[in-house]
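All residue numbers in this chain count up from 1 along the given sequence.
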Amino acid sequence: MVSRARDSLPESVDPDVDCCARVMDAVGVDRGTAADWLVFLAALGLLDERDGTYAQSAAAVERGALADAFVERVYGARELVDVLDDDPRTVEDIASRASVLRDAERVARLLAWCQLLGLAERADGGYRVANERR
């Protein structure tokens, strides 16, 4: 899905391109979620941004590198990943343990990205560190 979103955008910045519309079509989301995707992809280094317009960067879409970029560049991601262990925890429990994250809604969004990037997995009604990271 990350590749589809990124690949839907132009290779060079073009102010005439509706980037949100392209992401909406590529991954089947609404405009607000598409805007979140653009910010997220830029944070991962997959997009270049100039004056609110995006284009693909030269960075490769590789899961391990993306997971590392996520932990390094997305606010709260490191703290969230640091509290995951082998025991499944609820979103609320994770929010209370992560020092900078108190908002369960934000924690839930970050956990969804953690799943996508292979950092976390769902188990027994909660989240734990992904099997491949143990």
Problem set entry | Side chain proximity check, R128 to D86, heavy atoms < 4.5 angstrom | no

Exercise. Any salt bridge between R109 and D103, counting N to O under 4.0 Å?
Worked result: no

For this session: Under the side-chain contact (heavy atoms from CB on, under 4.5 Å) rule, what do D25 and S8 come out as? Steps first, then yes or no, please.
Result: CA-CA 8 Å; D25 291 342; S8 71; over 6 Å; no

Exercise. How far apart are the closest heavy atoms of V83 and R89, and which atoms are they?
Worked result: O-NE, 3.9 Å

For this session: Give, for atom CD1 of I94 and atom CD of E79, the distance between the pair rounded to the nearest 0.5 Å.
Result: 13.5 Å

Exercise. Hey, what's the ring geometry for F70 with F40, parallel, tilted or perpendicular (30° and 60° as the breaks)?
Worked result: perpendicular

Exercise. Of all heavy-atom pairs between C20 and A34, which one has the smallest distance, and what is that distance?
Worked result: O-CB, 3.5 Å

For this session: Output the distance between atom OG1 (T53) and atom CG (L47), rounded to the nearest 0.5 Å.
Result: 11.5 Å

Problem set entry | Shortest non-hydrogen contact between R22 and V17, atoms and distance | NE-CG1, 3.4 Å

For this session: Please examine the side chains of W37 and V27, heavy atoms only from C-beta on, and report whether any two atoms are closer than 4.5 Å.
Result: yes

Exercise. Shortest non-hydrogen contact from A43 to V74?
Worked result: CB-CG2, 4.1 Å

For this session: Could you verify whether a donor N or O on one side chain and an acceptor N or O on the other, from D30 and T33, lie under 3.5 Å apart?
Result: yes

For this session: Mark yes or no for whether R50, through its side chain, and P15, through its backbone, hold a donor-acceptor pair below 3.5 Å.
Result: no

For this session: State, yes or no, whether a side-chain contact exists between R97 and V107 at a heavy-atom distance under 4.5 Å.
Result: no

Exercise. Are V29 and W113 co-members of a hydrophobic cluster defined by side-chain heavy atoms under 4.5 Å apart?
Worked result: yes

Exercise. Do you know which two heavy atoms are closest between C19 and L38, and how far apart they sit?
Worked result: CB-CD1, 3.9 Å

Exercise. Transitively linked via ILVMFWY side-chain contacts under 4.5 Å: V39 with L111?
Worked result: yes

Exercise. Is the backbone N or O of L9 less than 3.5 Å from a side-chain atom of Q56, with the two atoms forming a donor-acceptor pair by type?
Worked result: yes

For this session: Carefully, step by step, assess L66 and L46 under the rule side-chain contact (heavy atoms from CB on, under 4.5 Å).
Result: CA-CA 9 Å; L66 293 178; L46 295 175; 3.5 Å; yes

Exercise. Within a reach of under 6.0 Å around CD of E11, are more than 12 heavy atoms found that belong to other residues, nucleotides or ligands?
Worked result: no

Exercise. Quick one: is the NZ or CZ of R122 closer than 6.0 Å to the six-membered ring centre of Y127, and within 45° of its axis?
Worked result: yes

Exercise. Between S57 and R6, is a side-chain contact (heavy atoms from CB on, under 4.5 Å) present by the stated rule, with each step listed?
Worked result: CA-CA 9 Å; S57 72; R6 180 198 176 188; 4.2 Å; yes

Problem set entry | Donor-acceptor contact present, side-chain R73 to main-chain L44, <3.5 Å | yes

Seminar exercise, completed: Here the pair of heavy atoms bringing A120 nearest to L84 is CB-CD1, 3.7 Å

